[in-house]
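Every chain is numbered from 1 and lettered A, B, ... according to where its sequence line falls, protein lines coming before strand lines.
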Amino acid sequence: MFDGRVLLKQVILLFWPLISTWVQGAEKIDSCQLQVLEMLSSLGSAGGKSAKPSFVSYVTPEEIKSEKEPSRKEKHPDLLPGEVVFCSASTVLKYTQDDLSQRGVFGVLLCTNFRVSFVSDEEPTEEMVRTLFKNKLYGENDIPLSCVDNIYGDKRKLITGGLVKNKYPSKMIIHCKDLRVFQFSLSFSKEEDAKKIFQGIVHHCLEPKSLRCLFAFSYCENTSPNRKCVGGLFTKLLRKKQTVMFDSVEDWTQDMKRTKGNCRVVSENSNFELSPKLPQYFIVPKNVSDEDLTKYQGKGLPMWCWSHHSGCALFKTASIPLVQEDNVCCRMLTAVAHNHLYSVKTEDLSDTLPTVQDILLSYNKFKQFFLIDNTTEFWMSDMKWFSSLDNCGWLDIIRQCLQKAVEVVESLEKENTNVLIMEEGGSDLCCVVSSLVQLMLDPYYRTLLGFQSLVQKEWVAGGHAFLDRSNHLHLKDKVESQSPVFLLFLECVWQLQQQHGPAFQFSETYLTVLSDSVHVPVFTTFLFNNDGHRDSLLRAESPHTQRSPLNCPTVWDWSVQFDCKAQDLFTNPLYTEKPKQDTSVRKSYRPRHLRQLSLPSSAFKTPPKKGFFKDEADNLKKILGVKRLSRWMLSPSSDSPQTSSSVREFYEAWQTKPLDYHGLLLPCLDGPSIRVWMQRYLRWIHDVQILGGGPVAMLSKVSEILGEVQELQRQLDRHGCTLTSNHKGARPRAKTAAAVIAARSSVRLSSSFPFVTSRNWAFKPAIPTSLLQSLMVTGMPGNLADREDDGGPESLV
Amino acid sequence: MEKHSVGGGDSPALPGVPNRNNQPRALANSGSTQASVETLDSPTGSHVEWCKQLIAATISSQISSVTPDTASRDFKALRDGTKQVQMDEVPLVPGETIKAVAKDVMYICPFTGLVTGTLTSTNYKLYFISLERDTPFILDVNLGAISRLETISVQSHGENTQGMEIVCKDMRSPRFAYKKEDASQPEIVEVLTKHTFPLSNGLPLFAFLYKEKFLVDGWKVYDPISEYKRQGLPNESWAISKMNSSYEVCDTYPALLVIPTSIKDDDLKRVVAFRARHRIPVLSWIHPESQATIVRSSQPLVGPSDRRCKEDERYLQTIMDANAQSHKLTIFDARQSSVADNNKAKDGGYESESFYPNVELNFLEIPNIHVMRESLRKLKEVVYPSTDEAHWHSAVDQTHWLEYIRVLLAGAVRIADKLESGKTSVVVHCSDGWDRTAQLTSLAMLMLDSHYRTLRGFQVLLEKEWISFGHKFAARVGHGDENHANSERSPLFIQFIDCVWQMTRQFPAAFEFNELFLITILDHLYSCLFGTFLYNSEQERVVNEVQTKTVSLWSYINSQPEDFTNPFYVDYEHHVLYPLASVRHLELWTGYYVRWNPRMRPQMPVHQNLKELLFLKAELQRKVEELQREASSSHGSLSSSSEHTSSPSHSGGTPLHTTV
């Protein structure tokens, strides 16, 4: 390992001035160095039980040496700090997606401790270099190890790890969690290389490993001193304008004050003495005593989420284990109720919403529609598209979550009761519902920073088990607990955003990127199961054990992934700023005419109080036959049992009022309104990219106009006149957003913007296969000769 | 329980009412009086107010009780004590008269329950208003949109109760109930029937009674000569022929046709005889660069015995030769090949590749008009009155509606691609060449030619490819005809507009017109208010003097074009747009098909914010110009310019955040 050691030493020496400010004495360097080396070897032989000698050999001195040679060095991706190449194979063929002719690009396939990376032999074209929306951590041909979903071998055989020695498939298909699909052929590589790379990838992507092997730790060790320097006091000062992390008493107190809540902040758990599963800080009703806290170690505690302006509040709790005395439950309920002398309503989410397993099953079916290996398969699935959508039930799960949230909103907004939502762990669907409720009720959470704070509050501090739910470590005993609950939440947010665009400061692209970031094992945000877990690991992994925990970036530090220009795409140019003069920030949106609310759809169900048409109604009922009429009356109970009539009424009543983007927002739950998140799911599929179309066409126009408005404003300013307008806030954003798109005419962009660059796009429609499919489906013989003649996507490589 | 379709009857004549097309204008006029009206939210600029009214009046349409602005308008009326005038008066368009009024009628609203009110029938619409709720409940249905009227008569408790279902072509079926007390009551149904189906009752269509005057004359929108001139015609290969000027050659074709210059009259006669209904191949569109053309026709009368027509073969050869870029000609037969074979057995058929040299024939496999009618019928069941939540997508899937949209778009994309990339001329036909052919050629032209993507250009496209080339609007829609079961009826034009809408979804910035424009077109396809879509052919329109006796829809549209304009519009100029014919990118047009469901109604049009932005821009622009003028006129005089600096902040302070 001599060469490698020298290399590492160089790296460390490079950081020496930084490190020395933190660490006194040269012996520390050695310990640092040692740790890095330890880590290296542990990664090489990760997983303990599968420590076969063959795996240790991944990082051989020869290989490390060869990486340094200039000829090979070109074939490297730019390694990140702390990133180490395990193995590589040259002359690997990467198929161009959807290509039946089996064409592709040759290059080097590498596996590092961060990613699987393919480096093309071809010189990158200028267009590729200029890619605007470039992720700084990984490129379009890189797959972070935690992003690998499934690997298939020849004949689409699922590879599950635990391989037979010396065997490897000639073709390897990798399905990613961000829905990219890669197909590699290993048959042109040297057998030894091919075997190594295949087994290396399978080993590092699929087999169990320990948390400390995740890339975040080596990355942070190699970057944190640097970050620490810029941090410190400056960050503290900046903090006010940043995402609220909810890792201090002040954060919680402030949020409670903001919503005028009246509960108490608990800081007894700051060192996780009560329970490591509880957040460091949290808020409970005033009546919960210290004794309660310690006695039950926080189990079944109603945790405050948010206070409504009427004084009632939303709480969530993990269900109380049966072994405890019954009166705990009652005591806690009374505590919640006493909160504001209001009544309390409990919602057990385990009863009404799908389980985490249901969610996983449904999502697994759903995602298959988008993991497209080839064009034929794609067009085949196109035919059954809508039915398949229904069958997998994913959209219905989204609807159910949104509906539950609306129900809770109704209790808070209309009935002014406290609401206590509960489920077994208290950190899955509780998080989904409580954050949705807050998004609907509180415009603050619809801003970019507000949304990030919400995720911190409800999900990160709230103890959603990100590690178990995404099963980054591929632990066999955690397979059961895997579930895309956070993605489900983002899906719901996307639905809200689709329906009420101008109410959200962040864009669809932001949500898509956030959903991808879950699988980038660099951010502490998504790596742990709860605060305690995070704290203990970061402390344990810290190179300066006595001093401070390891300082890893959170996902909210977007500059780690994207440069400023790319980040501009995270904001919604049509966002309506809150009017400044509005002092009555949270006025009640009471409907003017309550009487109207009681009318809808109840006419036939219960004897209506309003006698003025009761007679007629009764009469008609007899006349026309209840059954026939019931369909016409849209009686919710009989027609669609899923949406309760009360939710419907609540929605309709809300809908008749003027829409206020800074007030209550409710989603429409009718069939047509719940849609597929096209950008996230279709972005990589070549066949469904609309060239010159998609939402980006609108975006560029809006940006252009905003730019013009800004320019005119400047001209006016020059003339020394000011214009009072609410769009002022939108202006600074406008400039940058315009700059992002102005470079290319929107005609050249596609519906996959900004995720796929437009290189190689001949302006040709994707027709031939679709036509072939339609012929096949209608039972007609396909005219193959014709298809050839038409050309089409096949000719684009 | 008896159930019967209602026949005609006598009518009393009563005073009159407006229509909702007129409404925006009327609202605009009353804009000044509304300035003081307390709206439900913060004050908004007149522009915003205008948009709100427009949307409420036209898109959100007839069940207007739930739209807040209607409410506020009526509150104002209440406060002003003008209640009687406002409420009892049925709004009428010029030329419209009230024919019957029935009180205490119950409307069985599938969304909000029963509501009792007054039902009025005019010669143009059915108007129901109820004042029993806090906000007046209004429902109005253009009689033209009614497909059939059904009544149920029931005896119970010694009372005779009538139920009336109004089955509409625009995806709804409102139901009413009323007590049959005396002889005066049943008459509403009879009056309604008589005016709903004027042609079956010897009455004129309402378009001939409509007396509105517009500033713009919509009949001038389409001038064939100037349209062909825009395309660069005539040229050395193509001539504008007047041979059909008296519709003697082909009674379903327009008077002016573009045919190859070299064709001899005698040969042409043979071609005429060889093509079904004499619809010979004529030019629809020519590519400005490659000179490749879209040519439309009907099927050749090949018959079971494989008849040949040398002149027809040569004619197609000439079309091919007119385009120097390609030595091929592609024929797109829109039909399913099996159906084409059936047609061949019945004296129709398709061009044989062995008789026509260098010709390739493709079938686009589009099902016929009956399949489409059935599909839309199923779709109506899915969307009205309720939409099933959990099985929504499967239900839509089972109607196959979107699948047919997909097949159509895919066909049109192939045609456009053949012209653009293949530089090859195409001939498009189905059986008669007035249904699927019109759909395909107009869609392909929309993809190829950015002119047709403008507000005016699209009108030209419709006038040309659909109206002048004899899409049988009267037969397909059944204007004023009571025979609702006629198998000639089919929603092909709706299907086409749906395809256009799908394209506007995929290319949100490429079209100058907006969704409201498309919905308005479809509403007036049925309404019989305008003469635009009446009759089956140009000849019939000439005979019935449509242009002099009726108003064009484009007169209405073009007198307020800003309402039908897409704020996102960017001219894509010479870019060909290929929509993606994948079901993944198609969606059901809820803004049209599901618009009667109040829950599906957008509270605020999506483009509102941008419209405001445009408004702000215009405002700023104006101010900048003002200041510049100021600066140049009083050169260097600081005092005068600073004086003016304060004034813009007043007028410019129009609140632009929106709450509708």
Side-chain angles (χ1 to χ4, degrees), chain A residues 382 385-387 389-390 396 502 574 576 579 593 596 599-600 603 613 616-617 620 622-624 632 634 639-640 642 655-656 658-660 668 670-672 688 690 692-693 697-698 701-702 705 708-709 712 715-716 719-727 747 765 767 770-771 774-775 778 780 786, chain B residues 40-41 66 68 106 110 112-114 116 134 154 156 161 177 337 362 365 385-387 389-394 396-397 407 410 413-414 417 506-509 568 570 572 575 578 580-584 590 594 599-600 603-604 609 613 616-617 620 624 627 645 648-649 652-653 656-657 659-660:
Chain A
D382 203 44
W385 172 239
F386 282 107
S387 306
L389 267 189
D390 269 356
D396 201 48
L574 280 180
T576 353
H593 312 288
Q596 200 192 346
L599 268 174
F613 63 67
E616 286 89 335
L620 251 173
K622 283 172 200 138
I623 297 161
L624 300 174
W632 284 87
L634 199 68
D639 223 38
S640 41
Q642 301 205 327
Q655 203 199 16
T656 56
L659 179 57
D660 177 6
C668 177
D670 282 42
V688 281
I690 308 168
M698 279 198 287
K701 177 73 179 182
V702 173
I705 292 173
E708 282 174 48
V709 168
L712 288 169
Q715 286 187 32
L716 277 183
H719 286 93
C721 94
T722 46
L723 191 85
T724 50
S725 133
N726 300 304
H727 270 283
V747 181
I767 37 165
S770 82
L771 250 291
S774 74
L775 298 183
T778 42
M780 296 301 156
D786 161 49
Chain B
L40 291 170
D41 47 83
V66 269
M106 277 174 290
T112 60
L114 281 181
T116 307
D134 289 337
V154 186
S156 82
T161 306
S337 52
N362 297 303
E365 309 291 339
S386 61
T387 51
E389 285 165 9
H391 307 292
W392 163 255
H393 292 96
S394 323
V396 171
D397 220 10
V407 174
V413 167
R414 278 184 79 177
D417 181 51
Q506 295 194 10
F507 303 97
F568 295 111
V570 199
Y572 275 41
H575 278 279
Y578 295 117
L580 212 88
S582 157
V583 177
R584 282 172 175 77
T590 48
V594 201
R599 274 196 307 280
M600 291 304 299
Q603 284 158 294
M604 163 138 42
N609 259 29
L613 207 57
L616 174 70
K617 191 185 119 187
L620 286 166
V624 166
L627 284 165
T645 49
S649 61
L656 284 139
H657 68 284
T659 32
V660 175

query = Considering all heavy atoms of both residues, which atom of D390(A) and which atom of W392(B) are nearest to each other, and what is their separation?
reply = OD2-N, 3.5 Å
inquiry  = If I compare all heavy atoms of V688(A) with all of L580(B), which pair ends up nearest, and what's the gap?
reply    = CA-CD2, 3.0 Å
query = At what distance, to the nearest 0.5 angstrom, does CZ of F568(B) lie from CE of M698(A)?
reply = 5.0 Å
query = Is it true that a side-chain atom of D382(A) and a backbone atom of S582(B) form a donor plus acceptor pair closer than 3.5 Å?
reply = no
request  = For residues G692(A) and F507(B), report the shortest heavy-atom separation together with the two atoms involved.
outcome  = O-CD2, 3.6 Å
message = If we ignore hydrogens and angles and just use 3.5 Å, is the side chain of Q655(A) paired with the main-chain N or O of R599(B) as donor and acceptor?
response = yes
key: Distance (rounded to the nearest 0.5 Å) between D670(A) CG and M600(B) CE   = 6.0 Å
